[in-house]
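What follows is one structure encoded as C-alpha cells, with my remarks underneath.
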Amino acid sequence: MPPMLLSSGLLQINTLVDNQVASGFGTGSVTALSLASKVNGLAYTVFSTSLMQIIYSTMTKAYMKGNKKEFKDIVEKQTKMILMFIVPCFIILFNFSIEIISILFVRGSYTQDNAIIAGEILKGYALGLPVYVLRDICMYIYYSAKNSKFPSLVTGISVFINIGLNLLLSYFMGIKGVAYATSLAAVFSLLLLVIFMKKKIEEIRLISFKNMLIILVSGLITWKIGIALRNLLAEYNVWFNVFAFVCVFIVFWIIAYGIEFIEKVLKKMRKQ
C-alpha cells in the first residue's frame with residue numbers, strides 16, 4: 001500500500017508541475033491544459049481504469065493459486081478487450097480534438113480560438129492514450145504478483161523525466177509540448193515495466209502478435225475513414241461530428257471482428 005500511495009502522490013506533483021509550466025504561456029493556458037487533460041482522462045478512466053479494476057481481483061486470484069496459464073490468458077484477453085475500446089477513442093481524440101473541445105466547452109466567454117489551443121493540447125495527450133493503457137495493465141500485473149515497489153520506482157523516475165521533457169518541449173513547441181512530454185514519459189514507463197517484467201515476475205505477453213496485427217490494420221483503415229468523415233462534416237454544424245464518433249467505433253469493430261471471422265473460416269477450410 002505505501003508504494004502505491006507514493007505513486008499517487010508523485011503523479012499529483014507531476015500535475016502541479018504541468019500547470020506551473022503552462023502558466024508561463026499567458027491567460028487561459030492552464031484552463032486549456034486542464035480541459036484537454038480532462039477530456040483525455042475521461043476516455044482513459046471509462047475504458048481502461050474501470051475495466052482493469054474489475055478484473056484485478058481475478059488476476060490476483062489466478063496468480064496466487066499458481067495458475068500461471070490462466071493468469072497469462074486473462075492478461076491477453078483483457079488487453080485485447082481494452083484496446084478494442086481505446087484505439088477508436090485514440091482515433092477520435094486525435095483527429096477530432098478541436099471539434100470535441102468545441103462541442104463540450106465553446107459557449108459564453110470560451111471562444112473557438114480557445115478551443116483550437118485546447119484541441120492542439122488534446123492531440124498531445126491522445127497520442128499517448130494507448131500507451132497509458134498498456135502501462136496501467138503492466139502495473140496491475142505487478143500489483144497482482146504482490147510487487148508494488150518496482151512500479152512505484154518507475155513512476156518516480158518517469159515524473160522526473162516528464163518534468164525535464166516539459167521544460168524542453170514547451171520551449172520548442174509551446175504549451176502543447178506539456179502534453180507531448182506526458183505521453184513520452186508514459187512510453188518510457190511502459191518500456192521499463194515490460195523490459196524488467198521477466199526478471200521481476202516472469203515472461204508475460206500482453207497481447208498476441210495476431211491480435212496486435214488485427215488491431216493495427218483495423219486502426220489504420222479506421223484512421224483514414226475518420227479523417228474523411230471529419231473533412232466531409234467540416235462545413236456543417238460541429239455537433240454533426242458526433243455521428244462520425246459513432247461511425248469510428250462501428251467501423252473499427254466491423255473490420256477487427258470481420259478479419260477474425262475470415263481467419264477462422266480459412267482455418268476451418270484448411271482442416272477440411
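It should be emphasised that the depicted structure is a prediction, and the values quoted were computed from it without experimental measurement.
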(message) Same cluster or not: Phe85 versus Leu42, using hydrophobic residues (I, L, V, M, F, W, Y) connected whenever any side-chain heavy atoms lie under 4.5 Å apart?
(response)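 Yes, Phe85 connects to Leu42 through the hydrophobic network.
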
(request) Treat each ILVMFWY residue as a node, draw an edge where side-chain heavy atoms are under 4.5 Å apart, and state whether Ile101 and Ile103 are in one component. (result)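 Yes; tracing contacts between hydrophobic side chains, which count when under 4.5 Å, links both residues.
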
(request) Please go through Val246's hydrophobic cluster and name the other residues, only I, L, V, M, F, W, Y counting, with side-chain heavy atoms under 4.5 Å joining them. (result)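 Grouped by the 4.5 Å side-chain rule, Ile250, Ile254 form the rest of the cluster around Val246.
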
(request) Evaluate the side-chain hydrogen bond (donor to acceptor under 3.5 Å, both in side chains) criterion for residues Thr60 and Tyr143: first the C-alpha distance (whole Å), next the side-chain angles of each, then the deciding distance (0.1 Å), finally the verdict. (result) CA-CA 8 Å; Thr60 304; Tyr143 295 154; over 6 Å; no

Quick one about [Y] and [X] (side-chain donor to acceptor, distance below 3.5 Å, no hydrogens or angles considered), yes or no?
X	Y	result
Tyr257	Ser218	no
Asn40	Ser37	no
Ser97	Glu120	no

So, [X] and [Y], do they make that salt bridge, N to O below 4.0 Å?
X	Y	value
Arg230	Glu99	no
Glu260	Lys80	yes
Lys69	Asp73	yes
Glu263	Lys267	yes

(message) Can you confirm whether Lys72 is buried at NZ, in the sense that more than 12 heavy atoms of other residues, nucleotides or ligands lie under 6.0 Å from that atom?
(response)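 Result for NZ/Lys72: enclosed.
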
(message) Please determine whether the number of non-hydrogen atoms from other residues, nucleotides or ligands lying under 6.0 Å from atom CZ of Phe196 exceeds 12.
(response)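 Not more than 12 within 6.0 Å, no.
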
(message) Which label fits Trp223 and Phe90: parallel for a plane angle under 30°, tilted from 30 to 60°, or perpendicular past 60°?
(response)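 The arrangement is tilted - the two ring planes meet at 30° to 60°.
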
Could you pull out the closest heavy-atom pair between [X] and [Y], with the gap in Å?
X	Y	value
Ala185	Asn162	CB-CB, 3.7 Å
Pro151	Leu193	CA-CD2, 4.1 Å
Leu129	Ala43	CD2-CB, 4.3 Å

Any chance you could measure [X], atom [atom1], to [Y], atom [atom2], to the nearest 0.5 Å?
X	Y	atom1	atom2	answer
Ile117	Ile98	CD1	CD1	10.5 Å
Tyr125	Leu93	OH	CG	13.0 Å
Leu35	Tyr110	CG	OH	4.5 Å

(message) Between Ser102 and Gln112, does the side-chain hydrogen bond (donor to acceptor under 3.5 Å, both in side chains) criterion hold? Intermediate values first, please.
(response) CA-CA 7 Å; Ser102 298; Gln112 187 62 32; 3.1 Å; yes

(message) Applying the side-chain contact (heavy atoms from CB on, under 4.5 Å) criterion to Ile92, which one of Val248, Asn241, Val87 satisfies it?
(response)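 By the side-chain contact (heavy atoms from CB on, under 4.5 Å) criterion, Ile92 pairs with just one of Val248, Asn241, Val87: Val248.
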
(request) Report yes or no: does Asn231 contribute a side-chain atom to a donor-acceptor pair with the main-chain N or O of Ala228 at less than 3.5 Å? (result)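 Absent.
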
